[in-house]
Every structure is written in structure tokens, then in C-alpha cells.
Amino acid sequence: MVENFFLEDSETKIEAEPIDAGVLRILIKKDKDLEVEDRGIVRAEKIRSEDIERGEWSLEGSPENFSIVRGNSKLANFKDLQFSLPEWSEPEEERFDEWVSVKQEVKTESRIYGLGEKTGHLEKSDARYEMWNKDPGGFYTPKEDPIYMSIPFYILVASSEGSPKEFLGVYLDQTQKSKFDIKYKSGAENIGIAANSEYLLLYLILGDSVRGVVEKYTDLTGKPLFPPLWALGNQQCKWGKPKNEEEAYELAKEFRSRDIPCDVLYFDIQYMDNYKIFTWDRECFPDPEEMVKNLHDMDYKVVTIIDPGVKVEKGYEVFESGLENDVFLKDEEGEPFEGTLWPGLCGYPDFLRKNVREWWRDLHEDFLGYGIDGIWDDMNEPVIWFGKKEIKEIVNDLMEKVEKNEFHLSDLVEINELSGRTPEGIVHENDEGDKVSHEKVHNAYAFYETMSTYDAFDKFAPDKRPFVMSRSGFAGIQKYATTWTGDNSSNWDHMGLSIPIILNSGLSGLPFTGADIGGFHGEIEPELLTRWIQLGVFLPFYRNHSAVGTVDQEPWAFGEKFEKINRKYIKLRYKLLPYLYTLTHRAHEKGTPIARPLFMEFPDDEETYLIQDEFMLGSSILVAPVLEKSENKRHVYLPYENGEKIEWENWWSGEILESGHHLVDSPLDTLPLFLREDRGIPMTTSTHSTEEMPDKLILRGNLKDKITIPIYYDDGKSEKYKEGEYFYGEFIIQRDGEKAEISLNVENDGYEPFWEEIEIQLEREGKK
Ligand code: GLC
């Protein structure tokens with residue numbers, strides 16, 4: 001047994017438990033005897049093991065004001081513990097009545113990252129954030145908070161002159177509403193943490209680098225899933241398109257005839273019969289099984305959307321079986337709760353319970369049985385536009401006003417604003433049969449839903465690697481689903497905003513994330529689409545998606561001039577697949593982000609800490625996308641490594657640029673891209689989809705002395721890699737005067753690699 005240690009006064013108790021030498025669990029309780037329910041995401045992981053080094057942690061001070069000490073150094077100070085809404089918070093609705101809050105002291109110059117899917121700057125100071133999963137209603141502003149997903153985890157980078165940087169992760173393992181005030185109202189030297197609860201459960205995670213902290217955080221909350229190779233390819237989506245089977249084939253053929261690689265076609269809600277989940281509109285899609293087969297024959301994968309709302313309709317099989325199995329959320333009277341979503345009045349499954357998750361899993365039998373490759377779990381914050389009871393109240397209110405002749409148009413606007421607010425009085429039941437108010441588990445709704453969707457693959461498509469995509473989520477969602485940044489907008493600001501969101505998601509355990517390329521909401525202009533496609537090529541998850549009724553934004557939508565550039569970049573994505581796949585596998589094993597903020601790779605370079613318009617893809621390529629209209633030249637910062645100047649190679653011209661500030665050409669067909677000194681990547685040639693793997697491996701490097709290029713490869717679609725059926729090796733390229741020597745260290749040869757031929761590209765302008 002691990003020894004806990006604690007601080008207490010007459011009422012409050014703080015318990016600390018070392019999980020390992022770098023992780024401390026801290027439980028702060030208002031009432032000493034409070035039994036904390038076993039619901040946190042970390043506890044579900046059962047991470048404690050007996051044989052690890054636990055380090056020398058201790059607690060000092062009093063419950064109101066305490067320090068965490070390891071060995072001789074104070075790692076964190078917490079103060080002003082209070083069991084009420086903190087003074088830095090906005091007032092709350094009554095239903096969020098019980099609060100606990102504390103402040104973590106931080107140095108003014110310290111920097112904060114992470115917090116998952118949050119808008120705003122890459123560095124999170126000077127703002128307040130709320131963790132409450134929410135659909136902002138079709139679009140969000142660049143500062144909107146909260147949006148779809150909650151990851152209550154931040155990384156603090158502390159630096160003081162002359163001493164090495166310190167990296168500390170803080171994770172709040174609670175699914176209730178919580179708030180983080182990052183050096184904002186709580187003062188420049190504090191981070192405020194508050195939860196709608198009677199306790200706080202925190203994990204402190206120490207690392208010697210940002211990477212170390214992120215990797216440890218994913219030890220706690222789970223390693224990211226390993227997506228199939230096709231999920232790294234080009235994915236095409238639009239709400240409303242394809243509207244029928246013929247349009248699906250046309251779209252599929254068009255990518256091929258235009259020589260633009262594509263792997264996946266998505267089917268948004270238009271495919272369903274009146275938005276009833278797990279059904280098809282048989283007039284437009286008479287034989288989905290046959291259609292999926294035909295699309296497979298054309299080397300496409302098929303992903304279908306599923307929403308959580310089950311239409312209340314007598315005779316509708318999913319609804320009837322839901323009632324029979326008692327799966328729906330309840331109201332306070334114990335009756336099934338009913339709220340509105342796409343199909344009208346719906347019941348919502350209570351995913352908290354195992355038997356409900358099994359019921360949901362089994363609903364996928366047909367879809368997965370006839371070959372659907374991926375499931376897109378949407379609207380799972382969950383979105384409930386209005387509860388049935390609320391509608392009645394609203395209507396009664398309105399009628400009263402009308403009768404008293406007090407009705408104003410603004411009343412309707414107010415109603416609109418009420419839409420999407422999670423109704424009160426929703427009740428879950430846990431596996432023990434206890435009632436749990438929705439407020440306590442709201443943020444984990446999608447987590448439990450996708451856990452079940454993921455399991456459906458195991459049961460009904462065991463030969464396939466699961467692909468689940470989710471809009472909402474909580475810490476740990478990375479085990480079950482790929483995520484995307486929801487309903488963004490087709491404008492330049494939103495394209496820029498997608499970078500810090502995706503980088504911070506990566507730092508919060510979600511390496512495989514993307515934004516709707518081209519933007520979801522609003523009308524895209526041709527130049528922006530091209531710039532967005534260029535950016536998307538270098539981000540982990542690539543999907544073009546837009547809202548119904550907006551202008552089409554396929555890569556060919558705006559004529560030959562743009563199509564040509566779009567094609568070139570989508571092909572580049574396919575050429576980069578060996579590199580992307582190797583990085584994705586590493587992310588799965590370790591939790592290491594795929595797209596990385598510059599400071600993660602260059603922690604000694606102070607200038608990198610605030611840069612959010614450039615990023616690293618893995619550790620070898622620096623990407624400097626063009627984020628402004630008509631920008632034919634762009635300022636680029638190329639970092640220093642360990643305080644030294646290094647040589648960066650311009651990807652397109654081979655020109656060598658040294659660390660520092662540069663102005664580089666960026667005409668419409670050029671996204672500035674740089675290879676780091678003594679780094680390289682595995683590449684290949686482009687094909688129409690990942691079903692057809694080329695036979696050439698290209699090693700491209702910026703060689704000064706020595707490069708190591710790792711490469712991972714497997715069948716890309718099954719789980720057999722888990723049994724060792726994969727290839728992993730490292731190419732070593734060593735300079736020897738004018739020549740280079742190349743060798744390969746094979747670590748695992750359980751799968752035949754794809755190449756028969758290797759091409760080496762080491763030429764830089766002026767140097768051979
Ligand atoms: C939501 C999703 C969006 C989808 C739409 C229709 O707004 O975020 O991606 O297209 O619903 O299903």
C-alpha cells in the first residue's frame with residue numbers, strides 16, 4: 001500500500017498520494033469524512049502500481065495555504081482555499097451552487113499552455129476559461145468560451161533568470177463545471193482553479209520538458225488511439241452532400257478524374273431517414289450496403305455521422321429498444337427526459353451506465369457489419385436545444401404575454417438565446433443504481449459515448465482498426481476518438497485560430513486533431529481555401545468540411561488556377577504519409593504531439609514561446625503558413641537550438657537560412673517550409689489513396705553531420721501491429737566529407753515495408 005500523507009484542520013483535509021516520482025495526487029475535501037465518488041477519469045485507468053519509484057514528496061503549511069515539496073524544493077504553492085464561488089468568477093446560476101476554489105502561486109513571467117480545445121492565444125495567460133462542454137450554436141468567435149470540449153489540464157513553464165526552466169502539469173480530474181483564471185482577475189501571480197463540487201482532485205505532473213509532462217499526463221489519462229492509415233489521408237465532407245447515392249459516386253469519381261488523392265467520403269445527417277439515427281433515407285440511398293461496397297471498390301472509406309438524440313417515435317426500433325432496456329436519461333420525477341435535436345423530440349442515452357453503453361455498442365451491428373469504416377459522433381456535448389418541459393413553459397409564458405398584450409419581438413430573441421442551454425433536472429444512474437445529477441457528469445457525456453462506439457468495432461469489425469470521431473470530449477477522450485474543432489468559420493481569423501487550438505490540444509493529450517478545412521460556416525473565397533488546404537496538409541487530421549447551403553469548397557471549386565495549387569499540396573500530404581504515420585504511431589505509444597509549438601522543440605529559445613503562426617510537424621519540419629490575404633512575403637522566425645545558430649533548409653529552393661528573423665517569398669503556390677539542421681524525414685510518391693502504396697521510399701534530409709530518420713510501417717488497417725506485425729527501423733545518414741554513408745537499424749521487422757527502392761535527397765543549394 002502506498003502511504004498517503006495529509007494536512008488537516010478542524011474541518012478541511014488535504015490528502016496527497018505519490019503516484020510515482022513525478023506525479024502527485026492531491027485531494028482537497030471540505031468535509032474530512034467525505035467519500036469521493038470513484039468517477040474521475042484517472043481512477044478509471046488504475047494507474048497505481050506497486051513497484052515504481054515514488055520520490056520524496058511532502059506537504060507543508062496549512063490547508064488554506066500549503067506547499068508541495070519534493071526533496072528540498074518547493075514545487076508549487078496553493079493558497080486562499082475557500083468553499084464558495086471565488087471572487088474572480090462571474091456569478092453562477094443557482095444550480096451550480098457548491099464551489100471550491102484555490103489559487104496556485106506562479107511567477108509573473110511564467111507561461112501557461114494546454115487547457116485543451118480553447119480559443120484565444122497559444123499562451124493562455126490573461127484570460128478566464130470555463131470547462132462546460134457547449135455547442136456555441138453553429139459558429140464561434142475567436143474568443144468564445146467555452147466551446148465543445150473540456151480538458152482541465154495546463155502546463156506551467158516557469159523560468160527565472162539564470163536557472164533552468166521548470167515544467168509542471170496540473171490536471172483537475174473532475175467532470176463537473178470548472179473554471180480556470182489564468183493570471184487574469186486573480187492577479188498576475190496566481191492561477192485560480194475552481195470546481196462546482198465539494199472537493200478538488202488535482203494531479204501535479206513534473207517533467208524535465210514539455211514533452212515529458214505531456215507524455216506523463218497521457219500515462220494518467222490514457223494513450224491516444226492509433227488511427228488507420230487512411231485517416232491520415234484527404235477526407236471530404238459537406239453537410240448535405242452527397243445527397244444521394246449517385247452524387248456519392250460522382251464525387252468519388254471526380255477526385256480520381258481530377259487526379260486529386262482522396263481516401264474518405266463522409267455522410268452527414270442528410271443520409272438518415274428524418275434524422276433517425278442508424279437509419280438511411282431509402283429513397284436517396286436505396287442500398288447502403290451495396291453503395292459502401294462500390295465505394296470500397298473505388299478505394300474510398302465511408303464515415304457516417306451519428307447523433308445522440310433518439311427520436312421519440314412509436315415503432316422506431318432504436319427508440320423502442322431504448323425504452324425496453326431503460327437506457328434514457330430521466331427527469332427528476334423518474335420519467336424519461338425528452339429534449340429536442342435534429343429529428344424533433346428525442347430521448348438521450350445515459351452513457352454513464354455500462355449496460356447502456358453495451359446497448360449503444362450493439363446498435364452499430366448493421367452499419368459496421370456491412371463495412372462502414374468510421375463513426376462520427378456529433379452533437380455529443382450533448383446538445384439539447386430545448387427540454388420538453390422548457391418548451392411548455394416558454395409557450396405558456398408567451399401566451400400569457402400575448403394575452404396581456406405585452407408581447408415584444410425581443411421575446412423571441414430571448415428564446416433563441418435560451419436554446420442549447422443544458423436543461424436543469426436531468427438525472428443519470430450509475431452502475432450501482434445511484435442517481436447522479438447531470439451537472440456532475442456533463443463534461444464526460446461524449447467520453448462515455450465514444451468509449452462505447454469504439455467498442456462496437458471490437459465486436460462487429462474486429463479486423464478493422466477503429467475510427468471514431470467526436471466533437472465533444474473530456475480528458476482521456478484520446479483513447480477512443482479523433483476530435484476536430486467544431487463549427488469554425490470560413491474566414492482568415494478562424495484559419496489562424498485553428499493553429500493554437502490544435503497545438504494546445506496536442507499538449508493536452510489529443511495529438512490527432514484538425515479543423516474543418518475551408519471553414520464550416522460562411523462563404524469561402526478561393527485564395528483562403530488554397531491557403532487553408534496548404535496549412536491543413538501539415539496538421540494531423542485533414543478533412544474539408546462545410547455547412548449546408550454554403551458555397552462548395554472542394555479543391556476544384558474555384559477553377560484551374562487554384563485547383564492546380566490545391567492538387568500539388570494534397571499530393572504533398574500523400575508524399576509525407578510515411579513521416580506522418582511514424583509520428584502518429586509515436587503519438588499513440590507515448591502521447592507525443594504530432595504538430596508541436598516551436599518552444600516544445602526549442603525550449604532554450606525564449607523567442608519561440610509566443611509564436612503561434614508557425615509550428616513544427618514532428619521535430620524535423622518547420623511550417624510557416626500564410627495566414628493573411630495577399631501576403632506574397634512572410635516574416636519567419638527560425639529558432640536557435642541550445643543557444644546556437646543552426647542551418648535551416650528552405651524546402652522549396654534548398655537555400656540555407658540561419659536561425660533568426662527572415663522575410664521569405666510566399667506567393668500563392670508557396671507555403672514557407674523549412675527542414676531543420678541534421679534532421680530528415682521519410683517520404684514517398686503520391687498515389688490516389690492509401691489503398692495503393694507506392695514502392696519508393698524517399699529519405700529527405702538537411703545533412704550537416706548526422707541524421708537519424710525513424711520509420712514505422714504496418715498494414716495500416718488492422719490491429720495486428722499489437723502482435724508485432726509492424727516494421728520499425730532507423731536510417732542513419734552520416735556525412736563523410738563529400739560523401740554520405742547510410743545505414744539502417746531495424747528494430748522490428750514483423751511487417752514487410754512498402755518500398756522496393758530508396759531515393760536519397762540530401763542536396764541543398766550550394767552544398768552537396
Ligand atoms: C454540427 C456539426 C457539423 C455538422 C452538422 C450537421 O453542426 O458540428 O459538423 O455538419 O452538425 O450534422
Side-chain angles (χ1 to χ4, degrees), residues 230-231 233-307 342-343 364 366-379 467-469 471 484 487 490 514 516-524 529 533 536 541-558 563 566-567 570 688-691:
W230 57 259
N234 176 19
Q235 319 200 24
Q236 176 61 35
C237 190
K238 182 176 171 109
W239 175 6
K241 189 174 179 182
K243 62 177 179 304
N244 53 36
E245 192 179 306
E246 292 71 47
E247 206 170 70
Y249 296 139
E250 270 165 36
L251 199 55
K253 281 189 213 143
E254 189 140 15
F255 275 98
R256 301 289 182 251
S257 67
R258 290 180 184 270
D259 187 26
I260 297 176
C262 187
D263 262 87
V264 194
L265 295 186
Y266 279 68
F267 290 75
D268 204 324
I269 49 173
Q270 75 277 357
Y271 80 82
M272 297 179 207
D273 169 20
N274 285 310
Y275 306 129
K276 283 183 278 185
I277 54 172
F278 299 104
T279 69
W280 285 85
D281 172 347
R282 293 286 171 162
E283 253 175 50
C284 300
F285 301 94
D287 189 346
E289 183 166 359
E290 180 68 15
M291 180 183 74
V292 171
K293 193 180 158 300
N294 291 337
L295 289 172
H296 282 171
D297 288 345
M298 297 166 80
D299 289 347
Y300 282 92
K301 303 291 178 287
V302 173
V303 177
T304 47
I305 197 169
I306 298 285
D307 295 311
W342 303 117
H364 294 79
D366 283 356
F367 273 40
L368 295 184
Y370 58 73
I372 282 170
D373 303 275
I375 301 290
W376 169 17
D377 282 333
D378 193 27
M379 308 298 268
F467 181 78
V468 180
M469 183 168 157
R471 187 170 75 175
W484 93 107
D487 298 344
S490 299
D516 285 346
I517 289 172
F520 176 77
H521 177 77
E523 308 291 314
I524 184 96
L529 177 62
I533 287 175
F541 175 71
Y542 183 104
R543 185 184 75 151
N544 184 325
H545 179 43
S546 55
V548 66
T550 58
V551 66
D552 278 348
Q553 58 186 41
E554 288 99 355
W556 54 81
F558 297 110
E563 182 182 340
N566 299 344
R567 177 185 300 109
I570 295 172
H688 68 253
S689 82
T690 57
E691 275 300 317

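Computed over heavy atoms, backbone and side chain alike; hydrogens, waters and symmetry mates excluded. Residue numbers count from 1 along this sequence.
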Heavy-atom closest pair, residues Cys262 and Gln236:
SG-CB, 4.2 Å

dist Glu246:CD -> Cys284:SG (nearest 0.5 Å) comes out at 8.5 Å

Does a side-chain heavy-atom distance below 4.5 Å link Asn274 with Pro343?
no

Working to the nearest 0.5 angstrom, can you tell me the gap between Met291 CE and His296 NE2?
10.0 Å

Identify the residue among Val468, Ile306, Thr304, Asp268 that makes a side-chain contact (heavy atoms from CB on, under 4.5 Å) with Trp376.
Asp268

Can you check whether Ser546 reaches Asp516 side chain to side chain, under 4.5 Å on heavy atoms?
no

Within a strict 4.5 Å, meaning less than it, do heavy atoms of the Phe520 and Thr550 side chains meet?
no

For Glu554 and Lys238, run salt bridge (charged side-chain N to carboxylate O under 4.0 Å, His left out): C-alpha distance rounded to whole Å, both residues' side-chain angles, the deciding distance at 0.1 Å, then the answer.
CA-CA 9 Å; Glu554 288 99 355; Lys238 182 176 171 109; over 6 Å; no

Minimum heavy-atom distance between Ala231 and Phe541, given as atom pair plus value:
O-CD1, 4.1 Å

Start with the C-alpha distance between Gln235 and Asp263, add both sets of side-chain angles, then the distance that settles side-chain hydrogen bond (donor to acceptor under 3.5 Å, both in side chains), and finish with yes or no.
CA-CA 6 Å; Gln235 319 200 24; Asp263 262 87; over 6 Å; no

Does the Glu245 side chain pair with the main chain of Phe285, one donor and one acceptor, at a distance under 3.5 Å?
no

Atom of Gly240, atom of Gln270 and distance for their closest heavy-atom approach
N-OE1, 2.9 Å

Separation between SG (Cys237) and CD1 (Ile517), nearest 0.5 Å, reads 11.5 Å

Mind running side chain to side chain contact (heavy atoms under 4.5 Å, CB included) on Val264 and Val302 for me, showing each step along the way?
CA-CA 6 Å; Val264 194; Val302 173; over 6 Å; no

If the plane angle is over 60° it's perpendicular, under 30° parallel, otherwise tilted; pick one for Trp342 and Tyr275.
tilted

Contact between Ser689 and Tyr300 at the side-chain level, heavy atoms closer than 4.5 Å - yes or no?
no

Using modelled atom types and a 3.5 Å cut-off, is there a donor and acceptor pairing between side-chain atoms of Asn244 and backbone atoms of Glu247?
yes

Answer with yes or no whether the side chains of Asp373 and Trp230 bring together a donor and an acceptor at under 3.5 Å.
no

Decide yes or no for Gln553 and Ser490: does some side-chain heavy atom of the first lie under 4.5 Å from some side-chain heavy atom of the second?
yes

If only atom types and distance count, is the side chain of Arg543 paired as donor or acceptor with the main-chain N or O of Trp484 below 3.5 Å?
no

State whether Lys241 and Asp552 are salt-bridged, where the test is any N-O pair (Lys NZ or Arg NE/NH1/NH2 against Asp/Glu carboxylate O) under 4.0 Å.
yes

With a 4.5 Å cut-off on side-chain heavy atoms, are Ile533 and Ile570 touching?
yes

For the residue pair Tyr271 and Phe267, categorise the inter-ring angle as parallel (less than 30°), tilted (30 to 60°) or perpendicular (more than 60°).
perpendicular

Rounded to the nearest 0.5 Å, how far does CD1 of Ile305 lie from CD1 of Ile375?
10.5 Å

In the structure I gave you, are the side-chain heavy atoms of Tyr249 and Leu295 within less than 4.5 Å of one another anywhere?
yes

Return yes if some donor-acceptor pair links the side-chain N/O of Arg567 with the main-chain N/O of Trp556 below 3.5 Å, else return no.
no

Using a 4.5 Å cut-off on heavy atoms from C-beta on, say whether the side chain of Ile372 contacts that of Val303.
no

Distance (rounded to the nearest 0.5 Å) between Glu563 CD and Asp259 CG:
9.5 Å

Please verify the inter-ring angle class for Tyr266 with Phe467; under 30° counts as parallel, over 60° as perpendicular, anything in between as tilted.
perpendicular

Quick check: Phe255 with His688 (ring centres under 6.0 Å apart)?
no

Rounded distance [0.5 Å steps], CD1 in Ile269 versus CG in Asp307:
6.5 Å

May I ask you to say whether Asp377 pairs ionically with Arg471, meaning some side-chain N is under 4.0 Å from a carboxylate O?
no

Test side-chain hydrogen bond (donor to acceptor under 3.5 Å, both in side chains) applied to Trp280 and Asp273, step by step
CA-CA 5 Å; Trp280 285 85; Asp273 169 20; over 6 Å; no

Residue pair Lys293, Glu289: steps toward the salt bridge (charged side-chain N to carboxylate O under 4.0 Å, His left out) verdict
CA-CA 6 Å; Lys293 193 180 158 300; Glu289 183 166 359; over 6 Å; no

